[in-house]
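Below: one structure, written as structure tokens.
Counting begins at 1 with the first residue of the sequence. Values in this document were obtained by computation on a predicted structure and should not be read as measured data.
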Amino acid sequence: MDIGSVNYLPYEDFVDVFGNVVEKCPLITAAVWSRRPFSSLADLEASINDFIDALSESGKEGILRVHPDLTGRDLQSGTLTRESREEQVQAGLDTLTTAEVSRMARLNTEYKDHFGFPFVICARMNNKATILRQLEERLRNERTIERACAIDEVKKICHLRLQGLVVPETSNKL
Ligand SMILES: NC(=O)NC1=NC(=O)NC1=O
């Protein structure tokens, strides 16, 4: 689908197609529908990012709180969204050793107890080694810094999900 077709979608179809570009946050998609027509894929992405940036601290933390843990119970129980499962598998998180699974679980719990939201990282731009390293390093961040870092990861996940849904414009300038 190209951006021209996107602009003609009624809001039901727009939310149906783009409702999970921010994990489990179709409200964001439903809200930015009002900002059409989008001049480009980048314009649509900027509208989503602007909506996120305008949220209060608790609003941003709400986005983080609906993210599934990496290799948490959702991956084991198969209750992840399709996008999330594909991303976690692509980063090799379905091939962790027992020791790695328990280390991730321990660090995820420590992180959530400390910040009150789960550790979020763009799995497709990482692998299990860098994810584990980031989890350990970011645990030491000051809260405001870490919230901003996690929201940046949400935007990276959204960017890649959008890339998979909308054909970027080919420059038709000769
Ligand atoms: N807690 C997370 O980081 N979750 C995720 N990262 C991704 O890239 N996809 C997810 O579902």
Side-chain angles (χ1 to χ4, degrees), residues 1 15-29 32 41-42 44-53 55 59-168:
M1 178 186 312
V15 174
D16 190 43
V17 172
F18 297 101
N20 204 47
V21 291
V22 178
E23 182 71 5
K24 297 188 180 167
C25 289
L27 174 136
I28 298 174
T29 306
V32 302
L41 172 58
L44 168 55
E45 183 175 345
S47 297
I48 292 169
N49 290 344
D50 290 350
F51 183 94
I52 294 172
D53 291 342
L55 290 173
K60 291 185 175 90
E61 291 182 3
I63 290 175
L64 300 174
R65 290 187 186 121
V66 294
H67 271 72
D69 281 359
L70 290 173
T71 64
R73 60 182 180 286
D74 293 338
L75 182 62
Q76 317 300 342
S77 62
T79 54
L80 287 178
T81 59
R82 177 183 55 77
E83 297 91 339
S84 178
R85 182 172 36 79
E86 285 170 3
E87 287 153 358
Q88 296 203 27
V89 167
Q90 188 272 333
L93 293 175
D94 59 332
T95 60
L96 298 184
T97 63
T98 313
E100 287 169 333
V101 169
S102 55
R103 188 158 156 247
M104 279 287 279
R106 178 177 52 78
L107 289 169
N108 268 319
T109 302
E110 196 177 329
Y111 182 101
K112 281 196 280 191
D113 290 348
H114 181 65
F115 289 112
F117 48 78
F119 175 71
V120 178
I121 192 168
C122 181
R124 281 169 56 182
M125 292 180 175
N126 284 278
N127 57 47
K128 60 182 178 179
T130 60
I131 288 170
L132 271 165
R133 188 161 57 245
Q134 282 286 306
L135 179 43
E136 284 177 326
E137 286 171 10
R138 286 171 45 189
L139 248 175
R140 292 191 289 271
N141 279 344
E142 183 274 327
R143 184 184 191 79
T144 308
I145 302 284
E146 180 50 24
R147 184 191 303 117
C149 181
I151 287 295
D152 279 348
E153 294 299 312
V154 168
K155 291 176 179 176
K156 290 175 191 171
I157 296 167
C158 176
H159 171 77
L160 293 173
R161 290 184 181 185
L162 282 170
Q163 294 281 330
L165 292 168
V166 181
V167 177

- Task: Check the pair Lys128 / Ile131 against side chain to side chain contact (heavy atoms under 4.5 Å, CB included), numbers first and verdict last.
- Result: CA-CA 5 Å; Lys128 60 182 178 179; Ile131 288 170; 5.6 Å; no

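- The heavy-atom pair separating Ser47 from Val32 by the smallest distance is O-CG1, 3.6 Å.
- Residues Arg103 and Glu100 form no side-chain contact, since every pair of their non-hydrogen atoms from C-beta on lies 4.5 Å or further apart.
- Under the side chain to side chain donor-acceptor pair (under 3.5 Å) test applied with Glu146, the options Arg138, Arg140, His114 reduce to a single match, Arg138.
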- Evaluate side chain to side chain contact (heavy atoms under 4.5 Å, CB included) for Leu160 paired with Met125, printing each intermediate quantity in order. CA-CA 9 Å; Leu160 293 173; Met125 292 180 175; 4.1 Å; yes

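- Between atom OG of residue Ser84 and atom CG of residue Asn20 there is a gap of 8.5 Å, rounded to the nearest 0.5 Å.
- For the side-chain contact (heavy atoms from CB on, under 4.5 Å) criterion with Glu23, the lone passing option out of Val66, Val154, Thr81 is Thr81.
- Val120 pairs with exactly one of Ile157, Ile151, Leu70 by the side-chain contact (heavy atoms from CB on, under 4.5 Å) rule, that one being Ile157.
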- Message: Using salt bridge (Lys or Arg N to Asp or Glu O under 4.0 Å), reason through Lys156 and Glu153 one step at a time and then give a plain yes or no.
- Response: CA-CA 5 Å; Lys156 290 175 191 171; Glu153 294 299 312; 2.7 Å; yes

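- Put simply, CG on Leu41 and NE2 on His159 are 7.5 Å apart, with the number rounded to the nearest 0.5 Å.
- Remark: the backbone N or O of Phe18 is paired with a side-chain donor or acceptor of Thr29 at under 3.5 angstrom.
- Aromatic ring orientation, Phe115 versus Tyr111: tilted (interplanar angle from 30° to 60°).
- Judged purely by atom type and a 3.5 angstrom limit, Lys60 uses its side chain to pair as donor or acceptor with the backbone of Asp53.
- Separating the CG atom in Leu165 from the CD atom in Glu83 is a distance of 7.5 Å, to the nearest 0.5 Å.
- For the residue pair Thr79 and Ser77, the shortest heavy atom distance occurs at OG1-OG, 3.1 Å.
- By the 4.5 Å heavy-atom criterion applied to side chains, Thr109 and Arg106 are not counted as neighbours.
- Distance alone, capped at 3.5 Å, places no donor-acceptor pair between the Arg124 side chain and the Glu86 backbone.
- Closest non-hydrogen pair, Leu107 versus Glu136, comes out as CD1-CG, 3.6 Å.
- Here the shortest heavy-atom pairing between Pro118 and Lys112 reads CA-CG, 3.6 Å.
- Looking at heavy atoms from C-beta onward, Thr71 lies out of side-chain contact with Val101 at the 4.5 angstrom threshold.
- Of the inter-residue distances, the one linking Lys155 atom NZ with Ile52 atom CD1 reads 6.0 Å to the nearest 0.5 angstrom.
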- Message: Phe117 vs Arg143, test: side chain to side chain contact (heavy atoms under 4.5 Å, CB included). Steps then yes/no.
- Response: CA-CA 11 Å; Phe117 48 78; Arg143 184 184 191 79; 4.1 Å; yes

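- Residue Leu139 holds its CG atom at 11.5 Å from CD of Gln134, rounded to the nearest 0.5 Å.
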- Message: Before you tell me yes or no, could you show the steps for Leu132 and Met104 under side chain to side chain contact (heavy atoms under 4.5 Å, CB included), namely the whole-Å CA-CA distance, both residues' side-chain angles and the distance that decides it to 0.1 Å?
- Response: CA-CA 7 Å; Leu132 271 165; Met104 279 287 279; 3.3 Å; yes

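- Rounded to the nearest 0.5 angstrom, Asp69 CG and Leu93 CG are separated by 11.5 Å.
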